[in-house]
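So the structure is just underneath, and the comments pick up after that.
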Amino acid sequence: MTTGPVIELRAATKRFRGATGGVHTAVRELTMSVQPGEFVAVVGPTGCGKSTTLSLVSGLEPPSSGVALVRGEPVLGIPDGIGYMFQNDAVQPWRSVLDNVAAGPRYRGMTKAKAREKARAWVDKVGLGTFAGYYPHQLSGGMRKRVALAATLVNEPSILLMDEPFSALDVQTRALMQDELLRLWSGSNADGSTLDPASRSSVIFVTHDLDEAIALADKVIVMTASPATIKASFEVDLPRPRLVEEIRMTPEFQLMYRQIWESLREEVDKARERSVVAG
């Protein structure tokens with residue numbers, strides 16, 4: 001049982017070799033932590049290194065200096081219990097909805113019958129029970145996102161990394177998916193109460209949408225313009241459970257938005273000025 005942070009970055013820096021031989025520093029001296037069951041949103045200017053942060057945690061990229069820890073151990077490969085949801089749907093077009101969701105359990109050694117049984121429960125949870133036999137090309141964008149979400153959560157990840165998963169959706173569908181994510185992440189007991197927060201997945205959610213970050217998260221981290229480091233961290237003291245469209249209308253939400261935007265706007269302006277000079 002993890003007693004400390006589930007995820008830690010300690011002065012983590014990532015450099016990449018450029019095509020012309022130069023070195024690009026994507027992120028520098030990142031220090032952050034995520035507690036068990038905590039939902040952390042990361043915002044920052046375009047291209048500042050938010051996705052690189054997820055790569056360090058997931059083991060897809062090693063830090064050039066500093067250290068990435070999961071459950072107190074250095075990340076030397078892809079840690080157990082990680083679920084990763086990308087901006088693209090990442091569903092397999094030749095598989096039905098049911099078989100897309102069953103693929104993860106099958107890869108982990110579950111029998112076909114057991115995997116499909118587990119997958120069917122998750123297909124039902126995301127509201128696609130009547131579409132279980134459909135293929136991705138027969139689904140709307142929002143429905144494909146539901147498939148991707150079910151395919152991620154069916155593996156019961158203890159750590160959930162999400163890289164702008166809803167950015168391609170229209171406004172209405174995006175709000176529905178945000179509520180769906182919160183419902184599935186928080187879970188529920190038989191009496192309708194939410195589960196103990198420590199039993200939930202720990203989440204890092206990368207987004208450009210500050211509204212989305214505040215509506216979903218327990219904590220919002222603001223990153224600086226590239227090369228990114230942590231500029232500020234804001235605790236989101238809004239009650240759960242939340243409905244995103246309702247919580248956005250509250251004075252508490254609006255106040256928090258103004259506070260975080262003041263911090264974020266400076267970095268957005270810096271990034272814009274640099275792009276003008278570079279252009």
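The basis for the numbers below is simple: all heavy atoms, side chains too, and nothing from hydrogens, waters or symmetry mates.
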Query raised in the report: Do Lys270 and Glu267 pass the salt bridge (Lys or Arg N to Asp or Glu O under 4.0 Å) test, and can you show the C-alpha distance, the side-chain angles, and the key distance before you say yes or no?
Result: CA-CA 5 Å; Lys270 288 177 186 176; Glu267 303 308 316; 3.4 Å; yes
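- Phe16 and Ala26 get closest at one heavy-atom pair: CE1-CB, 3.7 Å.
- For the pair Thr31 (side chain) and Ala11 (backbone), a donor-acceptor distance under 3.5 Å is present.
- Note that NZ of Lys50 and CD1 of Ile204 are 13.5 Å apart. Values are rounded to the nearest 0.5 Å.
- Note that the OG atom of Ser33 and the CZ atom of Arg10 stand 9.5 Å from one another [nearest 0.5 Å].
- At most 12 heavy atoms of other shown residues, nucleotides or ligands fall within 6.0 angstrom of atom OH in Tyr134.
- Side-chain atoms of Lys125 do not come within 3.5 Å of backbone N or O of Ala150 as any donor-acceptor pair.
- Heavy atoms from other residues, nucleotides or ligands lying under 6.0 Å from CZ of Arg248 number more than 12.
- Counting only distance, with no hydrogens or angles, the side chain of Arg200 and the backbone of Gly187 share no donor-acceptor pair below 3.5 Å.
- With Thr229 contributing its side chain and Arg28 its backbone, the two residues share a donor-acceptor pair below 3.5 Å.
- A heavy-atom distance below 4.5 Å is not found between the side chains of Pro63 and Lys14.
- In terms of modelled atom types and a separation under 3.5 Å, the side chain of Thr25 and the main chain of Arg15 share no donor-acceptor contact.
- With contacts defined as side-chain heavy-atom distances shorter than 4.5 Å, the pair Arg174/Asp209 qualifies.
- Side chain of Asn155 to main chain of Pro157: no donor-acceptor pair is present (N/O by atom type, distance under 3.5 Å, no hydrogens or angles).
- Residues Val42 and Thr53 form no side-chain contact, since every pair of their non-hydrogen atoms from C-beta on lies 4.5 Å or further apart.
- Contact annotation: the side chain of Ser201 never approaches that of Ile159 to less than 4.5 Å [non-hydrogen atoms, C-beta and beyond].
- In this structure, Ile221 CD1 and Ile230 CD1 are separated by 5.0 Å, a value rounded to the nearest 0.5 Å.
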Report task. Begin from the C-alpha positions of Ser158 and Arg71 and carry the test side chain to side chain contact (heavy atoms under 4.5 Å, CB included) through to its verdict. Result -> CA-CA 10 Å; Ser158 57; Arg71 304 182 193 92; 2.6 Å; yes
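- Contact annotation: the side chain of Gln178 never approaches that of Leu181 to less than 4.5 Å [non-hydrogen atoms, C-beta and beyond].
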Query raised in the report: Could you walk me through whether Phe166 and Met85 pass the side chain to side chain contact (heavy atoms under 4.5 Å, CB included) check?
Result: CA-CA 10 Å; Phe166 308 142; Met85 192 168 173; 4.2 Å; yes
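- When each of Val70, Leu69, Ile7 is tested with Pro79 by the rule side chain to side chain contact (heavy atoms under 4.5 Å, CB included), just one qualifies, namely Val70.
- By the 4.5 Å heavy-atom criterion applied to side chains, Arg146 and Phe131 are not counted as neighbours.
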**Report entry** Derivation and outcome, side chain to side chain contact (heavy atoms under 4.5 Å, CB included), residues His24 and Ser226
**Finding:** CA-CA 10 Å; His24 169 66; Ser226 181; 3.9 Å; yes
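- A distance-only check finds a donor-acceptor pair linking the side chain of Arg242 to the backbone of Ala215 [under 3.5 Å].
- The shortest side-chain heavy-atom distance between Val34 and Val6 does not fall under the 4.5 Å cut-off.
- No donor-acceptor distance shorter than 3.5 angstrom exists from the side chain of Lys219 to the backbone of Ala41, with no hydrogens or angles considered.
- Defined by atom type and a distance below 3.5 Å, a donor-acceptor pair is present between the side-chain atoms of Ser167 and Gln87.
- Here the side chain of Asp218 pairs a donor or acceptor atom with the backbone of Phe39 at under 3.5 angstrom.
- A single hydrophobic cluster is not seen to contain both Tyr257 and Met223; linkage of ILVMFWY side chains at heavy-atom distances under 4.5 Å, directly or through other members, places them apart.
- Under a hydrophobic clustering in which Ile, Leu, Val, Met, Phe, Trp and Tyr are joined whenever their side-chain heavy atoms come within less than 4.5 Å, directly or via other members, Phe234 and Ile214 fall into the same cluster.
- Looking at residues two or more places apart in sequence or on another chain, you find a salt bridge (Lys or Arg N to Asp or Glu O under 4.0 Å) between Arg116 and Asp99.
- Under a 4.0 Å N-O distance rule, the pair Lys145/Glu180 does not qualify as a salt bridge.
- The line from CG of Leu139 to CZ of Arg144 is 7.0 Å long, rounded to the nearest 0.5 Å.
- Going from atom CE of Met256 over to atom CD of Glu235 covers 8.5 Å, rounded to the nearest 0.5 Å.
- A donor-acceptor pair under 3.5 Å is absent between the side-chain atoms of Asn100 and the main chain of Ala148, judged by distance alone.
- You'll find the side chain of Pro241 stays beyond 4.5 Å of the side chain of Leu182, heavy atoms only.
- Note: the hydrophobic cluster containing Val206 also contains Val40 (ILVMFWY, side chain heavy atoms under 4.5 Å, direct or indirect links).
- A distance of 12.0 Å separates CH2 of Trp185 from CG of Leu153, quoted to the nearest 0.5 Å.
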**Report entry** side chain to side chain contact (heavy atoms under 4.5 Å, CB included) between Asp163 and Tyr84, intermediate numbers included
**Finding:** CA-CA 8 Å; Asp163 192 357; Tyr84 206 134; 4.2 Å; yes
